[in-house]
Amino acid sequence: VQRGVVSLSGTVKTLRGRLRAGEIVRRLRGVTVIINRLTVHPTSRTDVQLARDVRAALRAHPATRHARLKVTARGGQVTLDGTTKSWVRRRMAARIAAGVLGVRAIRNGVLVSPSAKRSDRVIQQELALRLALDGRVNAARLRVTVKGGTVSLSGRVASLYEKRLD
């Protein structure tokens, strides 16, 4: 670590391991930049095997069990396409795929199609409340605005972890 810059290098077994290492470092106060050079250990699995195993993992998880997702793989990169009802499920699909041995990268093309439309005001109030109840952030230093269903957060945070909370 030098002047807030952290460099990670080496190999990990899964893409999830690579991403998790970055998440852990992001939590450290004073970290401003992460250079993640961790590589996913290559496997001899075929693209067909990889896509099949990602599909099985998605079907096995309650959050993605009923999602209509198309999975393709090429050279260790998995592409997810389809629709789901929430951003949480979209992110969960990518996290599940990242845990499958042999996945080296993910392109998440899943579209979010909410089942109910909420007004900007309702979204803003709900998000402001969630931030106020979240002990990981100082909500008093953040401003939430919503326009046309798009949320913008502005303000100051103490770490990369706080800035990039899921």
Side-chain angles (χ1 to χ4, degrees), residues 1-2 4-115 123 126-127 130-131 133-137 142 149-153 157-166:
V1 181
Q2 286 187 332
V5 178
V6 175
S7 180
L8 302 173
S9 60
T11 59
V12 292
K13 289 185 179 184
T14 65
L15 178 58
R16 183 183 293 158
R18 180 183 188 277
L19 298 173
R20 183 72 181 126
E23 289 171 6
I24 290 169
V25 171
R26 224 177 34 210
R27 292 180 185 213
L28 301 174
R29 196 172 283 285
V31 173
T32 56
V33 176
I34 300 171
I35 301 168
N36 192 340
R37 292 189 180 122
L38 291 171
T39 58
V40 179
H41 184 71
T43 65
S44 58
R45 305 180 75 222
T46 67
D47 291 337
V48 171
Q49 291 170 320
L50 203 53
R52 181 194 65 219
D53 290 351
V54 169
R55 276 189 221 99
L58 291 169
R59 279 193 304 268
H61 197 282
T64 54
R65 179 174 294 142
H66 300 293
R68 294 184 175 184
L69 302 178
K70 178 182 173 192
V71 178
T72 56
R74 185 174 185 158
Q77 177 172 315
V78 169
T79 299
L80 303 174
D81 287 304
T83 59
T84 188
K85 293 181 180 182
S86 74
W87 285 100
V88 171
R89 289 182 180 181
R90 179 183 190 273
R91 283 193 313 262
M92 184 60 71
R95 286 183 181 184
I96 292 166
V100 174
L101 193 63
V103 174
R104 300 182 75 181
I106 295 175
R107 185 189 110 10
N108 193 346
V110 176
L111 301 174
V112 176
S113 179
S115 55
I123 294 169
E126 183 178 315
L127 186 53
R130 286 186 184 197
L131 288 170
L133 296 174
D134 191 328
R136 300 172 295 176
V137 297
L142 300 176
T150 300
V151 175
S152 296
L153 297 174
V157 294
S159 68
L160 281 177
Y161 175 70
E162 193 174 351
K163 182 177 182 178
R164 296 184 181 164
L165 280 174
D166 288 324

From CA spacing to verdict: side chain to side chain contact (heavy atoms under 4.5 Å, CB included), Val25, Asn36: CA-CA 10 Å; Val25 171; Asn36 192 340; over 6 Å; no
Worked verdict on Ile35 versus Arg37 for side chain to side chain contact (heavy atoms under 4.5 Å, CB included): CA-CA 6 Å; Ile35 301 168; Arg37 292 189 180 122; 3.7 Å; yes
Leu153/Leu127 under side chain to side chain contact (heavy atoms under 4.5 Å, CB included): CA gap, chis, key distance, verdict: CA-CA 10 Å; Leu153 297 174; Leu127 186 53; 4.1 Å; yes
Test side chain to side chain contact (heavy atoms under 4.5 Å, CB included) on Leu50 and Thr43; report intermediate values, then the result. CA-CA 10 Å; Leu50 203 53; Thr43 65; 5.8 Å; no
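Note: Leu58 CG to Met92 CE = 11.0 Å, rounded to the nearest 0.5 Å. Summarising the geometry, atom CG belonging to Leu38 is positioned 13.5 Å from atom CZ belonging to Arg20; distances are rounded to the nearest 0.5 Å. Put simply, CD1 on Ile24 and CG on Leu19 are 11.5 Å apart, with the number rounded to the nearest 0.5 Å. Between the CZ atom in Arg55 and the CG atom in Leu80 there is a gap of 10.5 Å [rounded to 0.5 Å]. Here CG of Leu69 is found 11.0 Å from CZ of Arg89. Values are rounded to the nearest 0.5 Å. The CD atom of Gln77 sits 8.5 Å away from the OG1 atom of Thr72 when rounded to the nearest 0.5 Å.
A donor-acceptor pair under 3.5 Å is formed between the side chain of Arg65 and the backbone N or O of Ala60. With hydrogens and angles ignored, the 3.5 Å screen pairs no side-chain donor or acceptor of Arg95 with any backbone N or O of Arg16. Listed for the Thr46 side chain is a donor-acceptor partner under 3.5 Å among the backbone atoms of Gln49.
Ionic pairing of Arg130 and Glu126 is present here: one or more N-O contacts between side-chain nitrogen and carboxylate oxygen are shorter than 4.0 angstrom.
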Pairs under 3.5 angstrom only: tabulate donor-acceptor contacts from the side chains of residues 98-112 to other protein residues two or more places apart or in another chain.
| unit_1 | atom_1 | unit_2 | atom_2 | d |
| --- | --- | --- | --- | --- |
| Arg107 | NH2 | Asp81 | OD1 | 3.4 |
| Asn108 | OD1 | Val110 | N | 3.1 |
| Asn108 | ND2 | Arg90 | O | 3.1 |

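Heavy-atom minimum distance, Gly76 versus Asp47: N-OD1, 3.7 Å.
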